[in-house]
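Read through the structure below, which is laid out as structure tokens, and then see the notes.
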There are 2 protein chains.
Amino acid sequence: MQDPKARVGRTDWLEEIRWNADGLVPAIAQDATTGDILMMAWMNAESLRLTAREGQAVYWSRSRGKLWRKGETSGHQQVVSEIRLDCDEDVILLKVEQKGGIACHTGRRSCFYRKLENGEWTSVDPVLREPDEIYGNRQEGNSNE
Amino acid sequence: MQDPKARVGRTDWLEEIRWNADGLVPAIAQDATTGDILMMAWMNAESLRLTAREGQAVYWSRSRGKLWRKGETSGHQQVVSEIRLDCDEDVILLKVEQKGGIACHTGRRSCFYRKLENGEWTSVDPVLREPDEIYGNRQEGNSNE
């Protein structure tokens with residue numbers, strides 16, 4: 001199958017993305033070394049542009065209605081080594097180095113710490129650092145981001 | 001020990017999920033062995049219930065407005081070994097065995113075959129099998145699913 005998108009100029013790459021009605025796409029963050037899926041958050045065009053430019057993950061916080069530089073409060077930045085796009089142009093994949101080894105606001109490595117077992121969601125991954133220790137009273141939040 | 005049938009019939013775990021306004025959540029499929037991210041599609045409660053019950057990925061096709069049993073046309077089913085939920089209860093992660101080694105409707109292993117390089121989305125992963133060979137004239141589609 002031909003890929004007509006292969007020759008698109010360098011200023012157009014953001015325009016190839018099929019943003020949803022709110023101007024957002026899901027972005028999956030994957031540990032570049034281990035392959036672990038760390039989290040999924042949302043991006044608008046500006047956050048993706050900044051992510052590419054700065055080499056660090058910048059999301060769009062739907063709950064706070066503003067750009068969310070991952071790690072701005074926690075120090076748990078995500079250094080981006082690769083940005084990928086899916087076949088439908090509506091999902092982004094980031095390969096990252098997770099600073100501090102903690103992506104989740106609960107203090108766990110990954111946000112996907114619950115597993116369906118016998119009809120129940122069971123927490124199977126450890127808290128590496130207490131959220132109070134990470135955030136104090138400050139909010140960074142991917143809690144309901 | 002609980003009756004396995006009773007466990008399978010339980011659906012209260014579905015109620016813990018924060019479905020969006022359309023009754024959907026994103027579901028990421030990850031190769032259970034290699035850690036590769038294969039695709040992201042959408043699920044409603046029924047598709048997730050069936051995925052858990054049948055042990056094979058069932059998504060919700062937004063474009064076709066119906067359940068989409070992954071591999072129903074292509075034979076490229078996803079056998080599910082693990083179902084995970086994120087901290088916000090609004091994203092599902094499936095760990096799967098990808099039958100035929102091809103998740104993408106373009107005939108590639110993963111839908112995330114384009115990489116941002118010098119301001120261009122560049123296809124970096126090979127087509128393993130031509131889509132015509134996989135689908136003929138039939139549509140299964142995660143093309144704009």
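Per chain, numbering begins at 1; letters A, B, ... match sequence-line order.
Both B/Ile17 and B/Tyr59 belong to a single network of hydrophobic side chains, linked directly or stepwise wherever heavy atoms of I, L, V, M, F, W or Y lie under 4.5 Å apart. Hydrophobic clustering of Ile, Leu, Val, Met, Phe, Trp and Tyr side chains at less than 4.5 Å, counting indirect connections, unites B/Trp68 with B/Trp19. No single ILVMFWY cluster, assembled from side-chain heavy atoms under 4.5 Å apart, contains both A/Leu93 and A/Val79. A/Met39 and A/Tyr113 sit in two unconnected hydrophobic clusters of ILVMFWY residues. Membership requires side-chain heavy atoms under 4.5 Å apart, directly or through other members.
Scanning for side-chain hydrogen bond (donor to acceptor under 3.5 Å, both in side chains) contacts around B/Ser110 gives an empty result, with sequence neighbours left out.
In this structure, chain A has no heavy atom under 4.5 Å from any part of B/Leu94. Using a 4.5 Å cut-off between heavy atoms, A/Leu38 does not touch chain B at all.
To the nearest 0.5 angstrom, A/Asp88 atom CG is 7.5 Å from B/Cys104 atom SG. How far CG of B/Leu116 is from CG of A/Leu14: 8.5 Å, rounded to the nearest 0.5 Å. Interatomic distance, A/Glu120 CD to B/Asp12 CG, rounded to the nearest 0.5 Å: 7.5 Å.
With chain A as partner, the option from B/Thr34, B/Ile92, B/Ile37, B/Asp31 having the largest number of non-hydrogen pairs under 4.5 angstrom is B/Ile37. In terms of heavy-atom pairs under 4.5 Å with chain B, the best-connected choice from A/Gln30, A/Arg114, A/Lys95 is A/Arg114. With chain A as the partner, the residue from B/Ile83, B/Leu85, B/Val124 showing the most heavy-atom pairs under 4.5 Å is B/Leu85.
Under the 4.5 Å side-chain criterion, counting only non-hydrogen atoms from C-beta, B/Phe112 is in contact with A/Ile28. Between B/Trp121 and A/Glu16 there is a side-chain heavy-atom pair separated by less than 4.5 Å.
In this structure, B/Asp90 pairs ionically with A/Arg62, as a charged nitrogen and a carboxylate oxygen lie closer than 4.0 Å. Contact check on A/Arg84 versus B/Asp125 returns a salt bridge, with a Lys/Arg side-chain nitrogen under 4.0 Å from an Asp/Glu carboxylate oxygen. A salt bridge does not link B/Asp86 to A/Arg108: none of the charged nitrogens lies less than 4.0 Å from a carboxylate oxygen.
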